[in-house]
Amino acid sequence: MKSGETRLYQAPRGTSDILPQEQYYWRYVETKAANTCQLYGYERIDFPAFEDAGLFTRSIGAETDIVDKEMYTFEDRGGNKITLIPEGTASICRAYVEHGLHNLPQPVKLYYFASVFRYERPQAGRYRQHHQFGYEAIGDDDPALDAEVINMAWQLFQSLGIPRLSLILNSIGCKICRPGYLAVLKNYYANYVNELCSDCKTRLGRNPLRLLDCKNLSCQQIADVAPKSADYLCQECAEHFSQLKRYLGLLELPFVVNHRLVRGLDYYTRTVFEVQPEAEGSQSTIGGGGRYDNLIEELGGKPTPAIGFATGIERIILNLKSQQVLVPPLPKPEVFIAHLGNDARDEAIKLSFKLRQAGIGVIESTGSKSLKAQLRQANTLGVNHAVIIGDQEVKSGTVILRDMTNARQEAIPLARLEERLKQ
RNA sequence: GUGAGUGUCGCCCAGCGGUUCAAGGCGCCAGGUUGUGGCCCUGGAGAACGAGGGUUCGAAUCCCUCCACUCACCCCA
């Protein structure tokens with residue numbers, strides 16, 4: 001902590017630096033995710049970190065908390081209303097419409113990694129900037145596609161090696177059958193208004209579906225025996241849901257239907273699902289998604305059904321740690337080059353470059369530290385080999401190759417070093 | 001936005017009104033070998049104790065305000 005005149009800057013609230021020592025978790029997750037996508041035929045898309053603010057009020061829903069109080073919205077110098085993206089689906093749909101991706105064979109399958117921004121009070125597993133991996137399959141309403149998307153999510157977590165997860169499923173109907181269900185639901189809740197928590201009282205008017213997933217204990221008891229959306233589906237939605245469950249059965253996925261799963265974004269229709277870790281802290285969701293059959297049309301495209309999934313990488317990593325999953329380290333340079341004296345340093349500079357050109361990772365000692373200090377550094381860096389060049393070696397055209405794992409070393413001709421390191 | 005807890009060297013943390021109040025561990029640097037690591041030993045650098053104000057003869061230790069962090073609610077990844 002330096003005081004004085006200089007102000008000490010900190011990363012803004014709810015953001016964080018990902019230091020080198022943490023990176024292996026990130027690379028691990030990204031690699032597994034990208035591999036899974038490749039396996040299922042999903043292609044990567046990248047989109048801007050900010051969008052026109054209207055895109056989100058239009059898609060996520062004006063009555064949702066994200067839009068209501070969590071968006072980073074500002075006016076840029078040109079007077080445009082800009083929002084730092086709070087999620088990825090809206091952007092993908094925008095891109096789908098904007099670039100006419102309906103001309104591709106349907107469904108179009110896309111995945112992304114993106115930073116998303118939500119103005120919230122940070123806590124465990126919740127940040128103002130976090131990183132999502134997600135994917136979408138656009139242009140088909142076949143329940144087999146739902147099954148694929150759900151299966152893919154489940155397989156991703158399998159490949160990551162996170163144990164004790166559950167897969168929760170529900171169907172919340174479409175614009176034909178949902179209004180009827182909502183009416184029944186409100187009617188049911190009308191009898192319990194006085195027993196609801198204050199949040200639920202306001203939800204009753206604004207977003208009755210959300211009454212179902214309240215964490216308050218007494219509200220839960222009321223929600224437990226509330227009318228179930230799945231019982232009020234129209235013919236098509238009911239058929240869709242039962243087909244989906246059958247396919248998931250074929251895939252032997254251990255899903256559980258929970259009629260209280262509703263999700264917080266307005267665009268969802270029919271299928272909604274979540275992957276949840278064993279209860280631990282307050283973050284009960286590690287990933288989730290669902291179908292959004294009206295969204296593309298809502299954004300100005302042709303009526304186009306779609307389904308997607310998203311997961312928070314920070315939450316995945318939290319779970320990897322709490323479940324003590326073994327994550328492989330990142331590769332690092334093989335060789336450290338130590339030198340003593342000016343001539344030796346010249347030699348070391350040339351040699352480092354030559355080895356790197358041959359594809360051998362090298363960390364070159366800088367400064368003029370003692371050999372002891374240089375080897376100590378080599379040791380903490382964890383390299384397998386140290387190459388030592390002193391004046392004697394320069395004169396004789398050799399180097400000392402030291403095996404750091406067993407402390408054996410030998411002098412070898414400079415010209416033979418590369419070949420020795422490669423074997 | 002609401003509630004609770006915390007804030008001492010890069011990290012972990014002792015001290016909880018005064019008499020070494022700034023301790024210890026890790027890490028870092030150096031020495032113990034004149035050109036050699038990991039173990040061990042020795043030494044060193046690094047903190048005016050989140051910021052500002054107050055109480056007091058005296059505060060890191062008490063009070064107030066602010067800030068930050070953490071956890072929880074809301075909501076979600």
Side-chain angles (χ1 to χ4, degrees), chain A residues 1-4 7-16 19 21 29 60 63-71 86-89 113-134 153 197-200 202-203 207 210 213-216 262-265 274-277 281-289 309-319 336 338-341 344 365 367-394 400-409 411:
Chain A
M1 291 298 147
K2 273 277 129 35
S3 57
R7 154 147 189 231
L8 216 53
Y9 290 105
Q10 288 179 287
R13 174 166 237 195
T15 69
S16 54
L19 298 173
Q21 60 195 30
V29 175
I60 296 172
E63 294 303 306
T64 59
D65 275 34
I66 291 182
V67 170
D68 194 37
K69 56 183 195 189
E70 295 177 359
M71 294 208 305
E87 60 121 31
T89 302
F113 291 96
S115 277
V116 304
F117 305 86
R118 261 118 98 156
Y119 189 87
E120 309 182 85
R121 289 287 290 270
Q123 67 184 76
R126 171 141 97 230
Y127 316 95
R128 291 188 171 179
Q129 174 182 13
H130 78 273
H131 302 262
Q132 286 192 359
F133 159 71
C197 68
S198 59
D199 288 321
C200 277
T202 58
R203 282 194 270 250
N207 200 342
R210 300 226 55 90
D213 68 354
C214 182
K215 278 182 186 171
N216 184 294
V262 294
R263 311 277 303 153
L265 282 58
E274 270 184 20
V275 177
Q276 302 180 350
S282 66
Q283 263 57 54
S284 59
T285 306
I286 190 171
F309 167 82
T311 177
I313 299 181
E314 283 86 350
R315 286 194 187 171
I316 290 180
I317 291 174
L318 244 31
N319 277 275
F336 182 90
H339 51 78
L340 290 158
S365 181
S368 47
K369 294 187 269 282
S370 68
L371 181 58
K372 182 193 182 90
Q374 294 184 70
L375 285 176
R376 192 165 31 218
Q377 188 181 354
N379 184 248
T380 29
L381 289 169
V383 298
N384 293 133
H385 297 283
V387 170
I388 301 165
I389 309 175
D391 291 335
Q392 297 167 31
E393 286 72 29
V394 173
I400 292 169
L401 177 60
R402 181 177 178 84
D403 186 330
M404 295 297 285
T405 61
N406 59 19
R408 292 212 193 100
Q409 66 180 41

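Small disclaimer: the values here were computed from a predicted structure and weren't measured.
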Whether each nucleotide of nucleotides 36-45 of chain B has a protein heavy atom under 4.0 Å at its base (B), only at its sugar-phosphate (S) or at neither (-) is summarised, 5' to 3', as BBB-------
Report yes if some heavy atom in the side chain of A/Ser365 is under 4.5 Å from a heavy atom in the side chain of A/Phe336; otherwise report no. yes
A/Lys69: side chain to side chain contact (heavy atoms under 4.5 Å, CB included) partners, not counting sequence neighbours: A/Asp65
Identify whether any heavy atom of A/Phe133 sits under 4.0 Å from a base atom; if not, whether one sits that close to sugar-phosphate; answer base, sugar-phosphate or nothing. nothing
Can you tell me which stems RNA chain B forms, taking runs of 3 or more consecutive Watson-Crick or G-U pairs with both distances under 3.5 Å? B:1-7 with B:67-73, B:10-12 with B:24-26, B:28-32 with B:40-44, B:50-54 with B:62-66
Residue whose nearest RNA chain B nucleotide is more 5′ - A/Gln392 or A/Arg13: A/Gln392
Considering just the side-chain nitrogens and oxygens of A/Gln123, establish if one lies under 4.0 Å of OP1 or OP2 belonging to B/U70. no
With sequence neighbours excluded, what pairs up with A/Val116 under the side chain to side chain contact (heavy atoms under 4.5 Å, CB included) test? A/Ile85, A/His130, A/Gln132
Mind listing the N/O atom pairs, protein and nucleotides 3-8 of chain B, below 3.5 Å?
unit_1 : atom_1 : unit_2   : atom_2 : d
B/G3   : O6     : A/Arg121 : NH2    : 3.4

Please classify the nucleic acid contact of A/Ala378 as base, sugar-phosphate, or nothing, using heavy-atom distances under 4.0 Å. nothing
Examine A/Arg128 relative to A/Phe117 and say whether NZ or CZ is less than 6.0 Å from the centre of the six-membered ring and inside a 45° cone about the ring axis. no
Sorted by chain and residue number, the side chain to side chain contact (heavy atoms under 4.5 Å, CB included) partners of A/Thr202 (sequence neighbours excluded) come out as none
Is there a donor-acceptor pair under 3.5 Å between the side chain of A/Gln374 and the backbone N or O of A/His339? yes
Can you see whether A/Ser115 engages A/Gln129 through a side-chain donor-acceptor pair at a distance of less than 3.5 angstrom? yes
Any donor-acceptor N/O pair under 3.5 Å between B/A77 base and A/Glu120 side chain: yes
